Amino acid sequence: ILNVEQSPQSLHVQEGDSTNFTCSFPSSNFYALHWYRWETAKSPEALFVMTLNGDEKKKGRISATLNTKEGYSYLYIKGSQPEDSATYLCAFGETSYDKVIFGPGTSLSVIP
Amino acid sequence: DAGVTQSPTHLIKTRGQQVTLRCSPKSGHDTVSWYQQALGQGPQFIFQYYEEEERQRGNFPDRFSGHQFPNYSSELNVNALLLGDSALYLCASSPGLAEYTDTQYFGPGTRLTVL
């Protein structure tokens with residue numbers, strides 16, 4: 001059974017702090033790693049999809065890195081803002097047409 | 001351009017009943033996936049439909065079934081409801097053959113409560 005883990009489970013930071021969290025996934029048969037942001041009462045929103053070892057993606061103040069050999073991805077938020085408060089989900093794809101497996105998410109609260 | 005829509009928003013059923021949830025994909029998308037999200041967990045893949053056929057299935061019992069219509073909309077049916085089926089059910093759509101480098105677009109979900 002494939003297992004995708006995320007840490008920490010929850011995080012509270014002050015506005016302006018930078019933060020990061022981790023997604024761990026099986027290092028074999030890697031195909032793709034997705035990050036999603038899920039704000040309360042909204043739909044999950046795609047942030048990044050990464051496929052190559054060493055990939056780095058950036059979207060505004062949010063960036064992500066990927067290490068497929070050791071099976072982890074980091075998501076970084078620089079200068080957190082209250083609107084960054086959300087649950088951040090990663091999802092691992094093992095083969096091209098296989099199901100994606102989601103981690104349990106990291107809940108981020110940014111305190112003004 | 002409408003995104004992914006789901007209906008109903010909320011639903012309350014009792015044990016043993018049957019339920020049908022509906023999803024309309026984003027315009028131009030022909031692949032629909034369904035997920036179950038229980039409290040404290042990430043979304044769990046139920047199944048995926050493409051060209052009106054179930055293409056992939058997760059570890060869910062046969063009580064969970066689905067359908068995709070020619071207009072690409074989809075239904076999720078759950079029979080003989082159990083208390084443990086209480087969850088948020090998410091629908092996601094993606095274009096073409098939906099290789100998993102493709103971004104999935106999610107709907108807002110249907111909250112199912114089984115009493």
Side-chain angles (χ1 to χ4, degrees), chain A residues 1-10 21-26 29-52 55 57 59 64 66 68 73 75 86-107, chain B residues 2-7 9-10 23-26 29-51 53-60 64 66 87-111:
Chain A
I1 296 177
L2 297 174
N3 199 32
V4 177
E5 299 177 347
Q6 291 187 247
S7 62
Q9 182 178 349
S10 64
F21 20 92
T22 306
C23 172
S24 301
F25 52 86
N29 299 324
F30 174 86
Y31 190 77
L33 192 284
H34 301 252
W35 281 100
Y36 289 86
R37 174 171 60 199
W38 195 357
E39 296 178 67
T40 302
K42 294 188 177 180
S43 306
E45 172 197 0
L47 289 173
F48 307 115
V49 55
M50 295 184 287
T51 58
L52 297 175
D55 252 357
K57 300 275 187 173
K59 185 177 182 179
L66 178 68
T68 61
S73 176
L75 189 78
T87 295
Y88 290 83
L89 294 165
C90 68
F92 165 76
E94 185 182 26
T95 59
S96 62
Y97 296 114
D98 206 347
K99 56 187 181 289
V100 288
I101 300 168
F102 279 84
T106 292
S107 175
Chain B
V4 179
T5 60
Q6 291 186 243
S7 63
T9 306
H10 295 87
C23 171
S24 291
K26 182 178 169 62
H29 288 185
D30 55 11
T31 300
V32 173
S33 301
W34 285 94
Y35 294 84
Q36 179 195 66
Q37 200 223 7
L39 273 176
Q41 298 181 21
Q44 303 291 309
F45 177 79
I46 303 174
F47 42 54
Q48 182 185 83
Y49 277 85
Y50 172 69
E51 292 190 341
E53 291 192 1
E54 183 183 292
R55 183 165 71 171
Q56 291 284 344
R57 188 178 182 93
N59 297 322
F60 280 81
F64 289 77
L88 180 69
Y89 289 85
L90 292 165
C91 167
S93 73
S94 48
L97 287 174
E99 292 196 6
Y100 280 100
T101 55
D102 288 330
T103 295
Q104 291 187 80
Y105 291 79
F106 283 84
T110 293
R111 173 72 63 187

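What you are looking at is a predicted structure, and each value in this text was computed from that prediction instead of being measured. Lettering of chains follows the sequences in order, A, B, ..., and the numbering in each one begins at 1. Values below: every heavy atom of this structure, side chains too, minus hydrogens, waters and symmetry copies.
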Query raised in the report: Looking only at heavy atoms, which two atoms of G40(B) and P104(A) are closest? And how far apart?
Result: O-CB, 4.2 Å
Report task. Measure across P43(B) and L89(A) and return the closest heavy-atom pair with its distance rounded to 0.1 Å. Result -> CD-CD1, 4.0 Å
Query raised in the report: Using non-hydrogen atoms only, which part of L88(B) is less than 4.5 Å away from chain A: side chain, backbone, both, or neither?
Result: side chain
Requested in this report: Return the minimal non-hydrogen interatomic distance between V100(A) and F45(B), and the atom names on each side.
Outcome: O-CB, 4.1 Å
Report task. Let me know if Q37(B) has heavy atoms under 4.5 Å from chain A in its side chain, its backbone, both or neither. Result -> side chain
Requested in this report: Between chain B and each of P44(A), G105(A), A46(A), count heavy-atom pairs under 4.5 Å; write down the option with the most.
Outcome: P44(A)
Query raised in the report: With sequence neighbours excluded, what pairs up with F25(A) under the ring pair (Phe, Tyr, Trp, His ring centres under 6.0 Å) test?
Result: F30(A), F92(A)
Query raised in the report: Within a radius of less than 6.0 Å around CD of E54(B), do more than 12 heavy atoms belonging to other residues, nucleotides or ligands occur?
Result: yes
Report task. Quick one: do F106(B) and W38(A) satisfy side chain to side chain contact (heavy atoms under 4.5 Å, CB included)? Show the steps, please. Result -> CA-CA 10 Å; F106(B) 283 84; W38(A) 195 357; over 6 Å; no
Report summary line: Those residues at least two apart in sequence (or on a different chain) that pass ring pair (Phe, Tyr, Trp, His ring centres under 6.0 Å) with F48(A) are none
